Amino acid sequence: MEILDQIKGAVVNGIQSLFDKTINENQIIHNETRKEFEGDLTIVVFPFVKLVGKSPIELGDQLGAYIQKEVDAVSSFNVVKGFLNLSFTESHWISEFKSMLANDQYGFGEAKEEKVMVEFSSPNTNKPLHLGHIRNNLLGWSTAALLEAAGHEVFRVQVINDRGIHICKSMVAWQRFGNGETPASSGLKGDHLVGKYYVLYSDEEKAQKAILVAEGKDKEEPEILSAARALLIKWEENDPEIRNLWKEMNGWVYAGFDASYKRLGISFDKNYYESETYLLGKELVEEGLKNDKFYKKEDGSVWIDLEDAKLDHKLVLRSDGTSVYMTQDLGTAHERYKDFGTKRMIYVVGDEQNYHFKALFEILKRLDAPFAAGLYHLSYGMVNLPTGRMKSREGTVVDADDLMEEVVKAAKVESEIRQEIEGLPEENKLSIWEKVGIGSLKYFLLRVQPQKSMVFNPEESVSLNGQTGAFIQYAYVRTKGIERKMKEIPNFENYEGLDPKELALLSMLNKFPMVIQNAAAKYDPAEMATYMYDLAKTYNKFYYDVKILKAPNQEALAFRFALNKFTGEIIERGMKILGIDMPERM
RNA sequence: GGUCCCGUAGCUCAGUUGGAUAGAGCAACAGACUUCUAAUCUGUAGGUCCCAGGUUCGAAUCCUGGCGGGAUCACCA
């Protein structure tokens, strides 16, 4: 990006020496030149028209001539309306390319001191993961990877909601209807097994409720719900039998989660269990009471007044002294700061909790938490189906394991039609289908900006044409195919006669470091996803138009080979940030 | 009702701090495999950028007011 600084400098100097007016570099608006015009970089001259008292065309012409004279890398210019389009010399592009090649960390930012924590996933232990968790997981994972690529040290953590009434419901149903079923005895994946009893619980509760209503006793609580509450109390009293059952069933769930996470390529540096943290935060409330940050109502409940922050009064301790979600979150935030010393913490949580996090961050600020300024809620929208919302009651929730199975199957079907990898050993084929299927699922979810709710169309998600993960993988596979065909690697020294398709690809590759920085700053993996697609598309055009292996001379062959290989490396590097693996063939 | 988010092609989505004639994919139609893998490429068609004002050389983008959709406003998590 040196050249950009040179050009900006030339614009400032040009306006000074041509018109005797002073401007600041950051007033200069520049853009990549649009495809339909000739040039590589465009300077918008409108902002200076009034200042220098010339027409936009006149100003553009004079400034263009000045820049061309001053900056060696600028070969020519043209002016359209108020837009000054500058073209760079071929040798500039070639030397740019050489410096990209020379840096084996190309794209990654310099190491930054600030450590960052990303919290994501945070499942309940009463049912298996579903599509919504997948979006959460992918966002969290790739945001963390983006921050790493930008130069930060990053810690990935999850909070597991392993206690509470929800797990007691599964437990009570298992006690009644389970007949001792275990994952080992029935072969059912642990999280699905526990989820099954949660469903059984709900059915039973509904049935009991219906009877009560029919008997005119609709105010009464269903017996099974009372039983679940009783379990929760026993759990809190540390009843050994209940604690053991709880441990056992949670253990099944964790084994199930681990399998899902593994297939999804997700892991964590540390897990926080709610059963261990749900009492944290009480001391903070006590302390805050002393400092008048909180106030106590007559019934003994503790609140904070956030009205001047355009929020409400918020409860932080119940009248019986037990904590609420907010209390735990206050405590957990401090705990994590103690564990990792991260002043920047990102919470990847759905947008239905926007209000909660606003309040949480505001309270931490008022409690003078040293990390308060670095808190961020990466809020994302719901995943809907073409038929509308996913509803567990109507059984329309898309199960994570089923979905992964389905997309991999679809990849297999497509692959077998094409017969490109038929001869490979079964093990290799399985690995390729896995990469293509899971990769496409990931791409499908990551290409949409986090804050937008999205429509998940199952048919489209398994389609492998167009703007998909498979499209990008295919471009990568092409780069590998070329590499395999090359018996000896030609040495790239110099090249003249840059083809427009080659230049377009170079220019695309040149943007990679910027994309990492921008996407990381915005916590937006979708920006990387879009860029990766554009890069693959640009490569495909190059591949189609410029025959790499049939280059007219050794110099061209060496250049194209290097360009091909480097493109493959960048695709792999960028997709890795999205958590998507590249197959060598497909 | 208060607060927050979203509204761009039939559908799914891009669109940098305001910049040129608003772009991709899918679906539709028409082409390109004797070629480095056609999971690709090329072309045609498709738009009241929700509406109305305002700011300015210039607005999908910023401001105000509407309309439509969603979320949230629990001693739930």
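Nothing here was measured: the structure is a model prediction, and the numbers come from that model. Just so it is clear: chains get the letters A, B, ... in the order the sequence lines come, proteins before strands, and each one is counted from 1.
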Exercise. Give a yes-or-no answer on whether the side chains of A:N136 and A:Y380 include a donor-acceptor pair shorter than 3.5 Å.
Key: yes

Self-check item: Separation of the C1' atoms in B:rA59 and B:rU17, to the nearest angstrom
Solution: 14 Å

Quiz item: Is A:R447 near enough to B:rA24 that one of its side-chain N or O atoms lies under 4.0 angstrom from OP1 or OP2?
Solution: no

Practice problem: Could you work out the separation of B:rC6 and B:rU64 based on their P atoms and round it to a whole Å? | Solution: 14 Å

Quiz item: Taking only N and O in the side chain of A:R34, is any of them less than 4.0 Å away from OP1 or OP2 of B:rA22?
Solution: no

Self-check item: Near-ring test A:F19/A:F48, centroid separation under 6.0 angstrom
Solution: no

Under-3.5 Å N/O pairs linking protein and nucleotides 55-63 of chain B:
unit_1: B:rC57; atom_1: OP1; unit_2: A:K50; atom_2: NZ; d: 2.7

Exercise. Would you kindly give the OH-to-C1' distance between A:Y474 and B:rG25, to the nearest whole Å?
Key: 18 Å

Quiz item: Is the charged tip of A:R478 near the ring of A:Y539: under 6.0 Å from the six-membered ring centre and within 45° of its axis?
Solution: no

Quiz item: Quick one: is A:K480 getting a side-chain N or O under 4.0 Å of the B:rC36 phosphate, OP1 or OP2?
Solution: no

Practice problem: Could you work out the separation of B:rG10 and B:rG70 based on their C1' atoms and round it to a whole Å? | Solution: 23 Å

Self-check item: Heavy-atom donor-acceptor pair, A:T530 side-chain to B:rA24 base, under 3.5 Å
Solution: no

Practice problem: For nucleotides B:rG18 and B:rU35, find the distance between their C1' atoms and express it as a whole number of Å. | Solution: 47 Å

Self-check item: Separation between the P atoms of B:rU61 and B:rG53, rounded to whole Å
Solution: 14 Å

Self-check item: Aromatic centroids of A:F357 and A:Y376 separated by under 6.0 Å
Solution: no

Quiz item: Which is true for A:Q353 with a 4.0 Å heavy-atom rule: it touches a base, it touches only sugar-phosphate, or it touches nothing?
Solution: base

Quiz item: Looking only at atom P, what distance separates B:rC63 and B:rC5, rounded to whole Å?
Solution: 10 Å

Exercise. Step through the shown structure and confirm whether more than 12 heavy atoms of other residues, nucleotides or ligands are within 6.0 Å of CD on A:E459.
Key: no

Exercise. Would you indicate, yes or no, if B:rU40 has its OP1 or OP2 atom less than 4.0 angstrom from a side-chain nitrogen or oxygen of A:N465?
Key: yes

Practice problem: Identify whether any heavy atom of A:T468 sits under 4.0 Å from a base atom; if not, whether one sits that close to sugar-phosphate; answer base, sugar-phosphate or nothing. | Solution: nothing

Quiz prompt | ring-ring contact (aromatic ring centres under 6.0 Å, His included) assessment of A:F361 paired with A:Y347 | solution = CA-CA 11 Å; A:F361 296 166; A:Y347 294 78; 5.7 Å; yes

Exercise. For B:rC36 versus B:rG31, give the span between their P atoms, rounded off to a whole number of Å.
Key: 25 Å

Quiz prompt | Counterpart residues, side-chain contact (heavy atoms from CB on, under 4.5 Å), relative to A:L306 (two or more places apart) | solution = A:I304, A:L311, A:K314, A:A359, A:E362, A:I363, A:R366

Any protein N or O atoms within reach of nucleotides 2-10 of chain B? Criterion: under 3.5 Å, listing atom names and distances.
unit_1: B:rG7; atom_1: OP1; unit_2: A:K452; atom_2: NZ; d: 3.1

Quiz item: When you compare B:rC13 with B:rC51, how far apart are their C1' atoms, in angstrom units rounded to a whole number?
Solution: 23 Å

Practice problem: Among A:T33, A:D61, A:N85, find the residue that satisfies the side-chain hydrogen bond (donor to acceptor under 3.5 Å, both in side chains) test when tested with A:N78. | Solution: A:N85

Practice problem: Using ring pair (Phe, Tyr, Trp, His ring centres under 6.0 Å) as the criterion, list what pairs up with A:H356, not counting sequence neighbours. | Solution: A:Y325

Contacts table for residues 553-563 of chain A: side-chain donor-acceptor under 3.5 angstrom, sequence neighbours left out:
unit_1: A:N553; atom_1: OD1; unit_2: A:E555; atom_2: N; d: 3.1
unit_1: A:N553; atom_1: OD1; unit_2: A:A556; atom_2: N; d: 2.7
unit_1: A:R560; atom_1: NE; unit_2: A:E502; atom_2: OE2; d: 2.8
unit_1: A:R560; atom_1: NH1; unit_2: A:K547; atom_2: O; d: 3.1

Could you go over nucleotides 41-46 of chain B and give all protein N or O partners under 3.5 Å, atom names and distances?
unit_1: B:rU42; atom_1: OP1; unit_2: A:K541; atom_2: NZ; d: 3.4

Quiz item: When the distance from CD1 of A:I472 to P of B:rA24 is rounded to whole Å, what number comes out?
Solution: 17 Å

